[in-house]
Amino acid sequence: MTIVRLGYVAMSMNLQNCSPSKTMTFTQFEKIKDREAAIAKLEKIAKNNIANCLRLLKHSVANDVRFFRLSSKLIPLANHDELHDWHYMNNLYDGLGEIADFLDAHQMRVDFHPDHFVVLNSSNSEIVKMSLKTLRMHEQLLKGMRINPEHRCVLHIGGAYDDKEKALEQFIHNWGLVPVSLQKMLMLENDDTTFNMNDALYLCEKLGVPHVFDYHHHLAYHDESDWEQHWGRVVNTWEGSGLPVKMHISSPKNEKEFRAHSDYIDVQMFMDFLTSIKGSVNRVDCMIEAKQKDNALFQLVHDLKKYGEIKWIDKASFEID
DNA sequence: GAGAGTCAAGTTCCT
DNA sequence: AGGAACTTGACTCTC
């Protein structure tokens, strides 16, 4: 028996005016002559993003969804070079504290997926430095929400730079430059063009990092199609974690644009996957990555109702035998 | 208000 | 060497 919990990404198609990712471009920032006023504007946006984040969490719990990806764009221009003197965290603790209180009251798994500017295997030390800065911001946000940062940020491995083997070794080298507290925060995902499941598992096993298996990425890019023979290794990378195995689920937009995300999830593809893994692991949390966000999750739940082998626990989690 | 073009950041592909 | 695509939600400007 396996317990499956569904989650969705960062924003809702149902809540109005509830973006957690509002921003201000640097160009606009510079246009405001009074720098203090400009920073005040950034702070207002950040506060509002965090308030909207709490609204999203409440909306999720109201629908039994207890798995959610936080936006990595909560703080506009947070790590911009020209704003290095801005202590963006100072005004955010109240808002983050409210999220902390809410999370304390509800069993909920939240985490981050910093975007593609975080590249840990770069041989350019400036890029690695900026990447670490961005990861430290994520760590501070997690601490502000009183979340144990362990295994709360999923990353891609990075660039191939024309030599994949070398790029993997560069990752291992650079890993030594990553502070231990940040190392503990990370998980690694297989991508859809460069580093497949085997590559990610190689690093995860070597460095003691949980592997987030992305089934759609695997279908788009692999050197052997049989992922099932390695599934046990995926599960093993989670052994030392206090959290259940985490997965990414999405569906191809169409044959031609296979790698792009579709609006909704192909229920048969998802069931094929579940049928393969059921019983191999006690719990698995599936992050639904679809253009229609929470609506894609609700639609998937609806589509899953026709499968008799699924026993529903609540509106967004179930058991499968 | 709708629609087109732009945005801090990286990598890869194309010329 | 330099520019566009990638992929993305939100912003900004124009009409």
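Naming: A, B, ... by sequence-line order, numbering from 1 per chain.
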Counting heavy atoms not belonging to A:Lys278, are there more than 12 under 6.0 Å from its NZ?
yes

- Message: If I pick the P atom on C:dT8 and the same atom on B:dA2, what distance separates them, to the nearest angstrom?
- Response: 24 Å

For A:Asn49 and A:Lys73, the nearest pair of non-hydrogen atoms, with its separation, is ND2-O, 3.6 Å

Whole-Å distance, A:Leu155 CG to B:dT11 C1', equals 16 Å

Taken to the nearest whole Å, NZ/A:Lys166 to P/B:dT11 is 14 Å

Review point. Do A:Glu139 and A:Lys143 sit within salt-bridge range, that is, some charged N less than 4.0 Å from a carboxylate O?
Key: yes

Quiz item: Contact class for A:Thr193 (heavy atom, under 4.0 Å): base, sugar-phosphate, or nothing?
Solution: nothing

Using a 4.5 Å side-chain heavy-atom cut-off and chaining through intermediate ILVMFWY residues, the residues clustered with A:Val9 come out as A:Phe67, A:Met287

Only one of A:Glu239, A:Glu228, A:Glu205 passes salt bridge (charged side-chain N to carboxylate O under 4.0 Å, His left out) with A:Arg233, and that residue is A:Glu205

From CG of A:Leu77 across to P of B:dT6 the rounded distance in Å is 19 Å

N/O-N/O pairs, protein side and nucleotides 6-8 of chain C side, under 3.5 Å:
unit_1 : atom_1 : unit_2   : atom_2 : d
C:dT7  : OP1    : A:Arg259 : NH2    : 3.4
C:dT8  : OP2    : A:Lys291 : NZ     : 3.3

With a 3.5 Å cut-off and sequence neighbours excluded, list the donor-acceptor pairs that the side chains of residues 125-132 of chain A form with protein atoms.
unit_1   : atom_1 : unit_2   : atom_2 : d
A:Ser131 : OG     : A:Val119 : N      : 3.0
A:Ser131 : OG     : A:Ile127 : O      : 2.8

Q. Should A:Lys311 and A:Asp321 count as an ion pair when the cut-off is N to O under 4.0 Å?
A. yes

* To do: Answer yes or no as to whether B:dA9 has its base stacked against A:Phe117, where stacking requires a ring-centre separation under 5.5 angstrom and planes under 30 degrees apart.
  => yes

Taken to the nearest whole Å, CG/A:Asp163 to C1'/B:dT11 is 16 Å

Here the distance between atom C1' of B:dG10 and atom CG of A:Leu135, to the nearest Å, is 15 Å

query = Does NZ belonging to A:Lys315 count more than 12 external heavy atoms closer than 6.0 Å?
reply = yes

Between CD of A:Gln170 and C1' of B:dT11 the distance, given in whole Å, is 15 Å

Could you list, one pair per line, each protein nitrogen or oxygen that sits under 3.5 Å from a nitrogen or oxygen of nucleotides 10-12 of chain C, together with the distance?
unit_1 : atom_1 : unit_2  : atom_2 : d
C:dA10 : OP1    : A:Ser19 : OG     : 2.6
C:dC11 : OP1    : A:Thr23 : N      : 3.4

Practice problem: Would you kindly say whether A:His230 and A:Glu224 are connected by a side-chain donor-acceptor distance under 3.5 Å? | Solution: yes

Hits for ring-ring contact (aromatic ring centres under 6.0 Å, His included) against A:Trp86, two or more places apart or cross-chain, chain-then-number order -> A:Tyr88

note: A:Phe29, atom CZ; B:dA8, atom P; distance rounded to Å ~ 12 Å

Answer yes or no: is there a donor N or O on one side and an acceptor on the other, between the side chain of A:His151 and the main chain of A:Val209, under 3.5 Å? no

**Request:** Give A:Ala78 one of three labels, base, sugar-phosphate or nothing, depending on what nucleic acid heavy atoms sit under 4.0 Å from its own.
**Result:** base

Atom CD of A:Glu82 and atom C1' of B:dA9 are separated, to the nearest Å, by 14 Å

If one requires at least 3 consecutive Watson-Crick or G-U pairs with distances under 3.5 Å, the stems of DNA chain B turn out to be B:1-7 with C:9-15, B:10-15 with C:1-6

Closest non-hydrogen contact found for A:Leu42 with A:Met24 is CD2-CE, 3.3 Å

Open item on the list: Using a heavy-atom cut-off of 4.0 Å across all strands, would you classify A:Asn79 as base, sugar-phosphate, or nothing?
Closed with: base

